[in-house]
Amino acid sequence: MPELPEVETVVQTLKPRLIKETITAMKILFPKMVKTDSSVFQTKPIGQTIQDIHRKGKFIIFELDTDVLIFHLRMEGKFFIKKDEPFDKHEHLVLYLSSGRTLRYHDFRKFGTAHLLPIETYQEVSPLNQVGPEPKDTNLHQYYVRIKDSKRPIKAILLDQTKMSGLGNIYVDETLFQARIHPERKAVDLKEKEVVNIVLAAREVLAKAVALGGTTIRSYTSSLGVHGRFQNELKVHTKAGEPCPVCGTPIIKIKVTGRGTYVCPKCQK
DNA sequence: CCCGTGCCCTGGCGGC
DNA sequence: TGCCGCCAGGGCACGG
């Protein structure tokens, strides 16, 4: 499940391989993933050159000459660069490139999305205008003010990409463990210092995960994927029954707003 | 406006 | 061994 560190790793991997490639053709194998008018999506990128690749939150942005191609990988999306091999059944979108290679979007759960938007305005419209700053760019006091009246559990707020972007289920659990805050605490009951500590913890957790290339929980053989090493650093996520690395109390798994959640019942208050 | 729920999808796993 | 049913989960539409 790619979160900010995994998406960043994908961007850094794709960039040197795809910059200055021109898109010569496109094949859409799973039309539902395309969220822009399909005739526009299919024809407008042809002849345009990939000038840059970057991301906002968990969205990957391919900057072309006059438009941007925006992908969201959701849980299982990944890219492969291949020659003229036959299509895999999970490849849903194929870009043909001027070098003769193909860029393939692969997603066996079919949750990922693709948009094509004009380069001048894409930041002001959906989906990217819904994406808040990531933790390192979040103003601590402003964030506290923004969430302080909410009765929702802090975990739900940290997963809300409009308020702050980049955290998913894994890194929220790790962030709240590091900050010693229980995921079910309501935002309205948190002191400003606690909220500040949570954002600071998120910055640290994400920075370390980016440095290690993200987290690979399920092992896939991927030619162009995430071979992250942060899974070795996880303190609570997926650790149900194992001792808390701080106090030794067994980690428990609970459900918070529908999400599987790992917590140390002693350390996190 | 705010919040909770259901939906999308399919590989993998538990249960029998 | 094989099959069935359910779970996982990010973001969005929808309804209260």
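Letters go in sequence order (proteins before strands), and every chain restarts at 1.
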Enter the inter-axis angle for the ends of the helix from B/dC2-C/dG16 to B/dC16-C/dG2 (five pairs per end, rounded to 10°).
-> 50°
Does A/E134 pair with A/R55 as a salt bridge, N-O distance under 4.0 Å?
-> yes
If you check every side-chain atom of A/P127, which of C/dC12, B/dG11, B/dC8 has the closest atom?
-> C/dC12
Which nucleotide in the list C/dA8, C/dG11, C/dC12 gets nearest to the side chain of A/Q161?
-> C/dG11
pi-stack flag for A/F108 and B/dG11, centroid dist under 5.5 Å, interplanar under 30° | no
Nearest to the side chain of A/M75 - B/dC3, B/dG11, C/dG10?
-> C/dG10
Which part of the nucleic acid does A/S150 contact within heavy-atom distance under 4.0 Å: base, sugar-phosphate only, or nothing?
-> sugar-phosphate
Indicate, with a heavy-atom threshold strictly under 4.0 Å, whether A/G258 touches base, sugar-phosphate, or nothing.
-> nothing
Among C/dG10, B/dG11, B/dC9, the one nearest A/N169 by side-chain distance | C/dG10
Note: A/K235-A/E174 ion pair, threshold 4.0 Å (strictly below) | no
Does A/R109 get its side chain close enough to the base of C/dG10, under 3.5 Å, for a donor-acceptor pair?
-> no
A/R104 bridged to A/D88 by N-O distance under 4.0 Å | no
When you check the phosphate oxygens OP1 and OP2 of C/dG11, does a side-chain N or O of A/Q130 lie under 4.0 Å from one of them?
-> no
